[in-house]
Each structure stands twice: as structure tokens, then as C-alpha cells.
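One structure below.
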Amino acid sequence: MEKLFTLTNCTVLTVDGQDSIYPDGCIVIEGKRIKRVGPAQSVSPEGERVDLGGALVMPGLINTHTHSHSSVFKNQADDLELMDWLHKAMWPMEKYLSAERAYAATALSCLEYIKGGITTYADQFYFADATARAAQKSGLRSFLAATVFTNPCAETDDTFGAAVKFVQNWKGRQEETRIYPCIGPHAPYSVSGELFGEVARLSWEYGLLVHTHISETLDENRQLRERTGMSPTRWLESLGVLECPVLAAHSIHLDEEDLALYQTYNLRVSYNPVSNLKLVSGVMPMKEMRERGILVTLGTDGAQSNNSMDLLRDLRTGVLLQKMRERDATFCSTREAVRMVTIDGARALGMEHEIGSLEPGKRADLIAFDPESPRLNPLHRNSLNNLLATVTYSACGADVADVMVDGQWVMRSRKVCTLDEAEVRKNAQECSEYLVKHANLS
Ligand SMILES: [Zn+2]
């Protein structure tokens with residue numbers, strides 16, 4: 001018998017195709033899925049009743065670009081130029097990573113995702129196996145891309161071989177693990193054409209999402225042009241990579257021809273505004289993308305270039321930045337904003353029929369906000385625009401009270417149910433101290 005219960009006394013922002021809202025709503029959940037959702041007067045509760053005390057409920061947030069291992073690098077490399085940031089802090093610390101430390105770091109990131117209302121995230125890093133073990137324990141839905149580099153990394157000299165092994169170990173077990181293996185060629189400037197070709201073949205063989213970084217900086221474009229005579233996007237096309245399902249982080253410095261390729265090949269974009277602001281990489285051309293119908297989603301990027309995994313704060317920043325870029329207060333509406341972190345994020349991961357909105361038949365991945373948070377008051381429960389603006393501009397991760405994935409509570413009243421919070425913090429502290437000491441950062 002599958003567990004049957006009903007969430008009552010809540011305002012439901014469904015993010016479905018009709019933008020349905022239920023000011024006094026209820027959600028019946030059976031096993032991992034939503035059985036019914038609607039107004040309290042027409043949906044009869046079934047099974048155990050769970051009173052949410054008037055909370056605003058919405059689909060769980062989807063973070064489409066992050067590096068979970070980097071939580072232990074947090075606040076160690078700030079106010080630096082990109083190259084100094086890499087050479088003086090990031091790479092010296094990465095050298096001392098191990099599977100055990102990657103596990104501790106990922107557990108801390110997962111703790112932060114849960115506390116900020118993220119139920120699904122797309123990660124890219126090596127030590128993917130250790131990352132997956134921590135992710136599985138957290139109960140989150142994790143799209144883990146094993147990173148591929150031309151150069152050796154702290155884990156192995158053969159990152160592609162390690163990625164193949166990771167995919168073979170974890171593929172097809174998502175009902176049990178909530179882990180969805182992907183492949184993560186780091187970027188056009190750090191992965192050879194030959195290796196990109198192998199990645200594309202692996203993607204076809206296993207049906208894998210290719211999660212990469214494209215045109216984050218002008219310098220990257222210049223380097224690629226010197227080496228290949230092409231922009232990063234055109235070079236990837238020439239290698240056949242764009243024929244795979246591609247999730248492209250950053251995507252800042254794109255010309256007309258690049259944008260046309262993004263459109264033709266349906267590239268899925270992860271907009272990373274806080275990381276881009278911090279490293280002064282540039283501002284992503286969202287308007288040009290939207291005009292071409294290119295799918296735009298939102299990612300925090302790693303803690304080394306963001307310092308926080310609060311997707312709601314990044315949403316607010318990202319929307320405001322785009323309004324300023326366009327000098328247009330009407331650009332990027334709250335409706336578009338909320339979709340970026342829910343249904344559009346689901347689409348980018350090929351999961352739009354499973355997650356991203358609260359509809360019968362979909363998985364019960366959802367969050368409930370604390371109705372007592374002053375940031376979220378007053379709330380006009382009958383107004384779609386008011387609810388969307390509350391999420392886009394007022395809410396932050398700390399306002400999330402409850403988190404559910406696959407019908408299972410991952411957090412209740414801000415207490416995480418899947419991880420031992422004190423132990424996760426302690427392990428990450430020890431790990432970070434070790435890395436800082438050995439990399440001679442302080
Ligand atoms: Zn990144």
C-alpha cells in the first residue's frame with residue numbers, strides 16, 4: 001500500500017499551464033506522486049491530514065548549475081581577478097580534495113539546498129561517486145555530471161574513464177537513489193576536441209545530458225578563436241556536441257550566429273547572475289535568447305564564485321540585473337522569473353512531465369513557506385501577481401519551512417529529516433580547515 005495523505009490549509013501556486021492558484025487549497029499525495037490538487041471545497045482529503053497553517057506552497061526549486069564540492073572553498077577567494085582566483089586559491093585547494101572531502105563538502109551543499117527550498121539540482125564535478133553518495137543520503141533529486149578535463153585532476157589522470165565508470169554504476173537507479181547521471185565536459189577551453197567527441201558518443205550511447213560551461217568570458221572566446229578559428233559554440237557544433245542534449249552554463253558572450261545555433265539545437269541555458277557579477281564576467285543576453293525562444297533557467301554556480309546557494313536571492317538579483325541591462329522595468333516578468341526556477345528548470349533536465357509544477361500525476365516535489373515570515377506578509381492569496389512577486393522579490397531561502405521530494409519530507413519546520421545537520425557542519429568545517437592549511441591560504 002502506498003502512503004496516502006493530504007496537505008490542507010495552504011495557498012497553492014501550481015505553475016501549471018493555466019497559472020492556476022488555489023487560495024485555500026489542498027493536495028492529495030499518494031506514494032511519490034500528486035493524486036489531486038485543487039480548492040479545499042472540491043478536493044476531498046484522503047488519508048492522513050497535514051495542516052500547513054496557511055502556508056504558500058509551490059513546486060520545489062530547480063538549480064540548474066552548481067558545483068557542490070565547493071562549499072568547503074567558501075569565502076576563501078574573494079575580491080580577486082578570475083586568473084588570480086583560479087591560480088592562487090581554487091586550484092591549490094582542489095589539489096587536496098579527496099573522495100572523503102568531496103563527500104563532506106557535498107553534504108554541506110545539500111544541507112544548504114534543502115534549507116533554501118531547492119529540491120532538484122544539476123551538479124558538475126569530479127569525485128562524482130562520492131558526490132552521489134552524499135546526494136543520495138540527502139534525499140534530493142540530483143543530476144550529477146562527472147566532470148571531464150583534458151588535464152588530470154586530484155581524483156584521476158583519466159577523468160573520462162572515471163566518468164564512464166560513474167555513469168555505468170548509477171544509470172537507471174533513479175527510483176531508488178534519485179541520482180541521474182550526466183556527463184560534464186568542463187568547458188571548450190579545458191577539454192580537447194577529441195575528448196569532446198568521446199563525450200558526445202557517450203551521451204548518445206546512454207542518453208546523457210551534457211552539462212558544460214560556454215562563453216563565460218571574453219578571454220575564453222579569444223582563446224578558442226586563436227586555437228580553432230571559431231567561437232566556442234561553433235566549435236562545439238563542428239564536433240557534433242550540439243546534437244546531444246546540452247545544458248550550457250553562463251552563455252554570456254554570444255554573437256548572432258552563436259544564438260542561432262542555440263536556437264537550432266535547442267540548447268538549454270543556465271543563467272548564473274551572481275557568479276557572473278562577482279567575477280565580472282558580463283551579463284547574459286536574456287532578451288536576445290527569449291526572442292529566439294531559447295530556454296533560460298537559473299543556477300547558483302558553485303560556492304567559490306557565489307558564496308551562497310540561495311536560489312531565491314539569485315532569482316531576484318538576476319531579474320533586476322536583466323531589467324537594468326534592458327533599461328526596461330517591464331522586462332522579465334515575475335511569471336517568467338518563477339518559471340525559470342520551476343517548470344523551465346524541469347524542461348532543461350528533460351523532466352517537465354515529472355516535476356516543475358504541481359499537477360495530478362506529477363511527482364510530489366514541493367516547498368512550503370513560513371507564513372509568519374515578515375518578508376512574506378501581507379499576502380494576497382487570490383492574486384496570482386502578488387504570489388509571483390512574493391516569490392520573486394520578497395522571499396529568500398530562509399523563508400522555506402518545509403521541503404518534500406517524491407512525497408517524502410526532506411525538511412519539516414526547518415529541521416532537515418535526511419541529514420544529521422550538526423555532523424554535516426562539523427565534517428565540512430574540519431575539511432575546509434584542512435584545505436586552507438595545506439593550500440597555504442592563511
Ligand atoms: Zn560553473
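Along the sequence shown, residues are numbered consecutively beginning with 1. Just so you know, ligand 1 is whichever comes first in the structure, and atom 1 is the first atom listed for that ligand.
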Run the side-chain contact (heavy atoms from CB on, under 4.5 Å) check on L267 and I214 step by step: do they pass?
CA-CA 11 Å; L267 264 68; I214 299 180; 4.1 Å; yes
So does E216 have any N/O/S atom less than 2.8 Å away from the Zn ion (ligand 1)?
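Looking at E216, which is the residue asked about, there is no N, O or S atom under 2.8 Å from the Zn ion (ligand 1).
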Would one find an N, O or S atom of H250, in either backbone or side chain, under 2.8 Å from the Zn ion (ligand 1)?
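No, since none of the N, O or S atoms of H250 sits under 2.8 Å from the Zn ion (ligand 1).
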Derivation of the side-chain hydrogen bond (donor to acceptor under 3.5 Å, both in side chains) call for H67 and H65
CA-CA 7 Å; H67 306 280; H65 182 64; 3.3 Å; yes
To the nearest 10°, how many degrees is the angle H67 NE2 to the Zn ion (ligand 1) to H213 NE2?
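Value returned, to the nearest 10°, is 100°.
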Taking the cut-offs as 6.0 angstrom to the six-membered ring centre and 45 degrees off its axis, would you call R173 and W170 a cation-pi pair?
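Verdict for W170: a cation-pi partner in R173.
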Let me see the working for D328 and T330 under side-chain hydrogen bond (donor to acceptor under 3.5 Å, both in side chains), right down to the final yes or no.
CA-CA 5 Å; D328 178 0; T330 68; 2.6 Å; yes
Have a look at D301 and say which of its N, O or S atoms is nearest the Zn ion (ligand 1).
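Looking at D301, the N, O or S atom with the least distance to the Zn ion (ligand 1) is OD1.
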